[in-house]
Amino acid sequence: QVQLVESGGGLVQPGGSLRLSCAASGSIARFTVMAWYRQVPGLQRELVASITRYGMANHADSVKGRFTISRDNDENTVYLQMNSLKPEDTAVYYCYAREMPVFSSNVYWGQGTQVTVSS
């Protein structure tokens, strides 16, 4: 029943910026953690950043200082601000959410949004 709707992907030049959005169909307060993953064809899906329901955030070493995950509980949306983009950031980016045990402990994925960094 839960839907995660992603937006904000596109084509940008190296050094540019993008902001990805992940809008949930209901309150994100019911999720223990939400996260952004990315995947390049032929490679394993990689965790980019995560944020707990209390606002504690973690970022992969490859994106620290460039990417920032945040959330807006009133808008039921999680964001990924991406600055100083590099060609190696090119991937399909996926939103992820895990529901609290009091609900179901289920996990959910967005459909993915393409980010391409190229001149």
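Only heavy atoms go into these numbers, but all of them, side chains included; no hydrogens, no water, no symmetry mates. Positions are given from 1 along the sequence.
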Is there a side-chain contact between [X] and [Y] (heavy atoms, below 4.5 Å)?
X	Y	answer
Y96	S50	no
S21	E75	no
T32	P101	yes

Check your understanding: Can you name the side-chain contact (heavy atoms from CB on, under 4.5 Å) partners of E99, sequence neighbours left out?
Key -> V2, R30, F31, F103, S104, N106, Y108
Nearest-0.5 Å distance, [atom1] of residue [X] to [atom2] of residue [Y]:
X	Y	atom1	atom2	answer
L47	Y94	CG	OH	15.0 Å
L80	Y93	CG	OH	7.5 Å
T52	N58	OG1	CG	8.5 Å
C95	Y79	SG	OH	11.5 Å

Check your understanding: So, the side chain of T116 versus the backbone of T90: is there a donor-acceptor pair under 3.5 Å, distance only?
Key -> no
Exercise for review: Using modelled atom types only, decide if a donor and an acceptor are shared between the side chain of H59 and the backbone of I69 within a distance under 3.5 Å.
Suggested key: yes
Can you see which heavy atom on [X] is nearest to which on [Y], and at what distance?
X	Y	result
I28	N76	N-OD1, 3.4 Å
V48	Y37	CG2-C, 4.0 Å
K86	V117	O-CB, 3.3 Å
S62	R38	OG-NH2, 3.5 Å
P14	S119	CD-N, 3.7 Å

Point to revise | Connected via hydrophobic side-chain network under 4.5 Å: V107 and V92 | key: yes
Review point. In terms of hydrophobic clustering (I, L, V, M, F, W, Y; side-chain heavy atoms under 4.5 Å; direct or indirect links), are V12 and L20 co-clustered?
Key: yes
Check your understanding: Is atom CD of E46 surrounded by more than 12 heavy atoms (other residues, nucleotides or ligands) closer than 6.0 Å?
Key -> yes
Point to revise | Q13 CD: over 12 foreign heavy atoms closer than 6.0 Å | key: no
Revision key, fill the gap. Partner of S17 under side chain to side chain contact (heavy atoms under 4.5 Å, CB included), picked from Q81, M82, R66, is Q81
Review point. With sequence neighbours left out, what residues match K64 under side chain to side chain donor-acceptor pair (under 3.5 Å)?
Key: D61
